[in-house]
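Chain letters run A, B, ... following the sequence lines, proteins first and then strands; every chain starts at 1.
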Amino acid sequence: MNIKRLLLTGVALLAAGSAGAQGVLGGHVTGNIQLDGQMSHEDTVIGADPVPEALKLNARADILYTNGDFSAGLRFEAYQTPLLGFDPQYKGQGVAHYFVAYKAKRISVTAGNFYEQFGSGMILRAYEDRYLGLDNALLGVNLQLRPVDGVTLKALAGKQRVYWEYGDGLVRGLDAEADLNSLIKSMRESKLQVSLGAGFVSKYEDDESIASSADPGQRLNLPLNVGAGAARLNLSYGHFTLQSEYARKGQDPWAGNDYIYRKGEALLVNMGYSKRGFSASLQAKHIDNMGFKSVRSQTGEMLFINYLPAINKQYTYASLTMFPYVTQVNGENGLQGEVMYRFKKGTLLGGKYGTDITLNASTIYGLDTVQVGGAGTEGYTASWFGLGEHYYTDLSLEVEKKVSKKVTLTAIYSYQEFNPAVEGEEPDLYHNHIVVGDLHWRVNKKHTLHFKAEWMGSDSFYDPAQSHTDRRAGDWIMGFVEWNIGKNWFLSASDQYAYNDGVGNYPSVTVGYTHGTTRLQVGYGKQREGLLCIGGVCRRVPASNGITFGMSTSF
Amino acid sequence: MKKILLATLGLLMAGSLMAQGAKLPDNVTLKTLDGKSVPSSVIKNDGKPVVISFWATWCGPCMLELKTIREQYDEWVEETGVKMYIVSIDDARTAARVKGVAEKQGWSDTGDDEYKHYYEVLLDSNRDFATALGIGQDPPHTFVINGDGEIVWQHKGYQPGAEEELLEQIRTLLQ
């Protein structure tokens, strides 16, 4: 890969851009820069790995030049040594993403790296999550046509990024979407809104030698082209909505399904009713052998062509996200329901400012399968509605109440069941009771205090002698306080402590400064892996022990 | 390599000085709450100021910001004529919640008359629009757009009180 030449091209483009911004060409340069560093010491208790290089640093700069319908961009990434939690294969630096694009009303063309999603992503989603170190951007060409209002056609072909290289598999896709209310004259004023879509994705990969399980002397007759198709329907009528997508995949033996030849299938349905002060929704999901990768020998999180979302509720509190559910691409059946209601101002339960309650329930099971063979066979049979192993349950009640002009209180109770099998560990079922209290106090115009107290009681326990090595196990108490000073500064301190049957104590302090789009942050202490929301921004962090710092700006 | 980096950095600095006045992209596809695809050129307000706020249902500070501004929004609109577009970056996992949250909170118009003015809600579930505006992955991120469709101010994150600065920025466009 000729990085130097790319960089030079990029710089030339930028130079053109900056010249343009001065009025010659009328273009603009925008983008963002982010730097995250870590000086962590080994801590065997919390699982922080040793850091022989003393300092770990991730840096990136996205630069985008836009001139009317034309745009060009590049991203420079540098992982001197990737942060803890990032795959070591990211080590290196260079231009990881570059493109030129023309986007007009009826046509868009992108050449180079691009992100894209068909429908809800069940057959194709190229996207990036920089905190998880995920990037499956395609390198190739992406064409979009909007021949008439209400119709979008997409065609693309490319290879997927994997760390600093591209996978060998070729990905090709077509998608069409029609919004009937824009398209059909008589439906323009209709209360019923209908949109339809369908997509097809095919991947091609060269043949390789993989042994059959029935006869190790025989190699599998691998399909070189694997296709996946999906159809979707979205309806909305007044307060009601229905969103649904059904996907199928052809024979696709790959490492993640142990090279079986069973076809894949998935269904995602969401129904909702909402109005002012009330909302109810129900989601159902069925997945059967729908892992779809562009390189069949790859396991892990990279090189997925599609995206199968976890439908259980995503919380922001540490105790509620301690055991996050992971989608089982090989098979699961799940249901998720949520009801939100507001007791109006001036009513008995509403009080002076109103009271909000949210009820949530989700449950997820594996498929009820019957094994019929190994690599080279159908693998298993499964019925649509059969329930196999129990993976996850969440039942929660949240009450949010503004008690005065300055104070808002939130209380949550949640009961969760979690099976570590979803993370590839030995099957088990943890039963967790969680209570969260949250208080926002706007002291005056300049100062705000935010307190959180959380408790988790669990029947899981930590004991390496009995191979119970999950450091999240046991009973926990957590405390958090944040002080916002004006609109620029914040200071926060927190502690998470396993007081019974568990291990670990995670004290930490953080100070941050935001000015416009620039943000600086320095923390000291022990950090648990997970979703962290402090000082007004949420992000994911790996386990560490020591100093962390971050800087980001956009322009 | 070092020289190239330095040159890039220099250009970036230059870029940041000039970014004021960058036009909002016209042709990025967004979705409405009804599931309809619309181009980003729908974001406009007849020559009056526009605010764009990127948020997500799982982002506490975003929810706090939008709830806080909701309480003052009718007054903001009466005073400045501003129109606020709230763009959710919820992906397939949580996108189905956006409509329920927005309607229940009184952020989008459901035909009731508790408020006079409502936010316009759009979905950017693969972050195409966010990327086109050059912003990172962490919501909230707020932009002020003038009557000519140019970005005149932006802010990252939300701390209580930041809404006052936002209102000040909208007001400066009226002078």
Exercise. Are A/T408 and A/R442 linked by a side-chain donor-acceptor pair shorter than 3.5 Å?
Worked result: no

Problem set entry | Charged N-O contact under 4.0 Å between A/D356 and A/R342 | yes

Exercise. In terms of heavy-atom proximity below 4.5 Å to chain A, should B/E65 be classed as side chain, backbone, both, or neither?
Worked result: neither

Exercise. Who among A/Y273, A/Y341, A/Y307, A/F114 has the most heavy-atom pairs with chain B under 4.5 Å?
Worked result: A/Y307

Problem set entry | Heavy-atom pairs under 4.5 Å with chain B, option from A/V194, A/L308, A/T448, A/N234 with the top count | A/T448

For this session: Evaluate side chain to side chain contact (heavy atoms under 4.5 Å, CB included) for A/L235 paired with A/Y237, printing each intermediate quantity in order.
Result: CA-CA 7 Å; A/L235 298 174; A/Y237 184 82; over 6 Å; no

Exercise. For chain B, which of A/R146, A/Q283, A/E177 has the most heavy-atom pairs under 4.5 Å?
Worked result: A/E177

Seminar exercise, completed: Assert top hit (heavy-atom pairs under 4.5 Å, partner chain B, pool A/R130, A/K103, A/Q117, A/R276) equals A/R276

Seminar exercise, completed: Assert top hit (heavy-atom pairs under 4.5 Å, partner chain B, pool A/K105, A/E338, A/R125, A/Q243) equals A/R125

Exercise. A/I485 versus chain B, heavy atoms under 4.5 Å apart: side chain, backbone, both or neither?
Worked result: backbone

Problem set entry | Heavy-atom proximity to chain B below 4.5 Å, by part of A/S236 | side chain

For this session: Compute whether any side-chain donor of one residue and acceptor of the other, for A/E128 and B/Q137, lie under 3.5 angstrom apart.
Result: no

Seminar exercise, completed: Exactly one of B/Y73, B/W55, B/Y118 clears ring pair (Phe, Tyr, Trp, His ring centres under 6.0 Å) with B/W107, and that residue is B/W55

Exercise. Is B/R127 close enough and on-axis enough to A/Y127, meaning under 6.0 Å and within 45°, for cation-pi?
Worked result: no

Problem set entry | Heavy-atom pairs under 4.5 Å with chain B, option from A/T518, A/T327, A/T66, A/N312 with the top count | A/N312

